[in-house]
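Right, one structure below, let's go through it.
Every chain is numbered from 1 and lettered A, B, ... according to where its sequence line falls, protein lines coming before strand lines. Since the model is a prediction, treat every value here as computed from it, not as a measurement.
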There are 2 protein chains.
Amino acid sequence: MRIADEDITSAARIRDAAVRCFARAGFDASLRTIADEAGVSLGLIRHHFGSKEGLRAACDERVLWLMDDLGRTKAQSPSPIDAAFAAMADRPELEPAVLYLMRGLAAGGQFSAAVVDQMTASLEEYLEKGVADGSIRPSGDNRARARYLVLSGVGGMLLHFMQSGDWSERAWRDFSALSTRPSLELYTQGLLATSDFLDAYTALSSDGVEGGDA
Amino acid sequence: MRIADEDITSAARIRDAAVRCFARAGFDASLRTIADEAGVSLGLIRHHFGSKEGLRAACDERVLWLMDDLGRTKAQSPSPIDAAFAAMADRPELEPAVLYLMRGLAAGGQFSAAVVDQMTASLEEYLEKGVADGSIRPSGDNRARARYLVLSGVGGMLLHFMQSGDWSERAWRDFSALSTRPSLELYTQGLLATSDFLDAYTALSSDGVEGGDA
DNA sequence: CGCGACGCTATACAAACGTATAGTCTCTTA
DNA sequence: TAAGAGACTATACGTTTGTATAGCGTCGCG
């Protein structure tokens with residue numbers, strides 16, 4: 001059959017099948033399931049990837065590459081996750097990768113930290129620009145703010161996924177519908193009518209090294 | 001030894017040991033580990049609880065009861081999770097229960113949904129009172145706002161736990177230190193300098209059934 | 001005393017999993 | 001053509017898991 005059956009190498013077929021399985025069932029998906037999905041034997045996975053961990057690493061790399069590519073193609077967004085899901089409308093073949101990304105975030109560890117770090121850096125830059133042109137309010141610590149916003153946004157979405165048990169585009173759509181208005185409200189007008197709490201916290205902090213605002 | 005060795009029944013010892021083990025290692029903790037922790041045989045767990053699921057249900061009930069009790073004792077807070085962690089300073093014996101709560105939230109499913117629902121209801125009431133006395137800004141949909149805030153807050157904390165891999169009070173303290181200032185900033189002054197996005201979204205929504213604010 | 005109920009243990013069972021090994025087939029290369 | 005490397009499969013190993021069963025000891029009650 002040479003390289004005529006599927007156009008891509010078996011290792012790539014296995015990797016793509018693994019991404020699909022992990023996206024669908026989480027990282028508890030068995031190697032046998034993946035082997036079936038890829039249409040190969042169990043041993044071939046080991047032959048190419050050494051271990052489940054090795055396969056997982058290959059999947060991580062692949063998904064990060066796809067997301068990176070997607071990030072380069074599409075316009076920047078304050079929320080890369082939302083951008084990724086939105087991109088699925090045009091390119092449905094990306095669905096497993098995006099869902100895998102969510103699984104990876106939920107699983108914690110190095111992969112999750114890397115993704116969050118990257119998203120934080122991206123958002124920090126976005127916010128910085130916004131502050132410069134006056135569309136975003138300044139912050140006492142822009143990096144901490146970016147990290148907090150990423151953690152909250154992604155974490156909230158993950159919690160929604162885990163609760164619904166529905167790891168699909170539908171879950172993302174549901175979450176978007178539920179959270180867009182409240183988040184816009186919060187981002188626009190805040191929550192507290194006075195700055196008493198913030199003032200108290202700022203005063204309580206050791207010294208006034210960070211300037212106040214508004 | 002009658003009932004002198006530990007003062008509580010074996011079933012309760014098993015349940016408490018299970019809460020500790022689940023809190024420490026997640027719900028993948030094996031029944032044998034729990035049996036060892038409780039100082040009983042594997043069979044006794046089955047004898048009392050029927051199955052792992054049964055044990056899990058007993059733990060759920062126990063933890064919810066403890067949290068309920070804690071909620072009744074301590075003053076109400078906009079963030080029951082923070083209140084629970086804060087209470088651990090006085091009552092360290094609650095630590096496994098609080099950590100179990102986090103594990104349960106992260107695991108999703110019915111337990112997670114129930115906890116989030118209860119927290120949402122609690123926060124909604126809190127916000128409503130705040131709106132009434134003018135300390136909280138009004139919202140077009142107070143219930144949706146409460147749910148969004150709970151999902152984001154809890155989700156963000158969970159993501160931090162999962163990333164650090166540290167399911168302990170320390171992780172909570174770290175997260176608090178990192179998120180208090182940004183959240184206060186966001187709650188006080190918002191993020192966007194203008195209401196353009198919110199206005200556009202409101203206009204885009206089918207009709208003006210929900211009144212504007214501020 | 002006799003006997004059943006209950007708390008409790010020890011052991012076994014079957015399934016699922018990741019991993020390891022031996023071997024087959026098919027190209028490539030000298 | 002012969003040899004070797006690499007893709008690929010079939011099968012087995014050892015561990016861990018939840019679950020099931022058989023039995024032991026003790027207490028309370030008729």
Under the ring-ring contact (aromatic ring centres under 6.0 Å, His included) test, which residues partner [X], sequence neighbours left out?
| X | result |
| --- | --- |
| A:Phe49 | none |
| A:His48 | none |
| A:Tyr148 | none |
| B:Tyr201 | none |

- Taking only residues two or more places apart in sequence or in another chain, which ones pass side-chain contact (heavy atoms from CB on, under 4.5 Å) with A:Asp68? A:Arg72, A:Gln118
- Message: Using whole Å, what does the distance between atom P of nucleotide C:dG18 and atom CD1 of A:Ile45 come to?
- Response: 9 Å
- Please, which pairs that meet ring pair (Phe, Tyr, Trp, His ring centres under 6.0 Å) have at least one residue in residues 18-46 of chain A, sequence neighbours excluded? A:Phe22-A:Phe27, A:Phe27-A:Tyr100
Taking N or O atoms only and anything under 3.5 Å, show me the protein contacts with nucleotides 5-8 of chain C, one pair per line.
residue: C:dG7; atom: OP2; partner: B:His47; partner atom: NE2; Å: 3.2
residue: C:dC8; atom: OP1; partner: B:Ser10; partner atom: OG; Å: 2.8
residue: C:dC8; atom: OP2; partner: B:Ser10; partner atom: OG; Å: 3.3
residue: C:dC8; atom: OP2; partner: B:His48; partner atom: NE2; Å: 3.4

- 5' to 3', nucleotides 13-25 of chain D under a 4.0 Å protein heavy-atom cut-off (B base, S sugar-phosphate only, - none) gives ----BBBB-----
Could you list the donor-acceptor pairs under 3.5 angstrom formed between side-chain atoms of residues 101-117 of chain B and any protein atom two or more places apart in sequence or on another chain?
residue: B:Arg103; atom: NE; partner: B:Ala23; partner atom: O; Å: 3.1
residue: B:Arg103; atom: NH2; partner: B:Arg24; partner atom: O; Å: 3.1
residue: B:Ser112; atom: OG; partner: A:Gln163; partner atom: NE2; Å: 3.4
residue: B:Ser112; atom: OG; partner: B:Leu105; partner atom: O; Å: 3.1

- Query: Is a side-chain donor or acceptor of B:Arg137 paired with a backbone partner of A:Leu192 at a separation under 3.5 angstrom?
  - Reply: yes
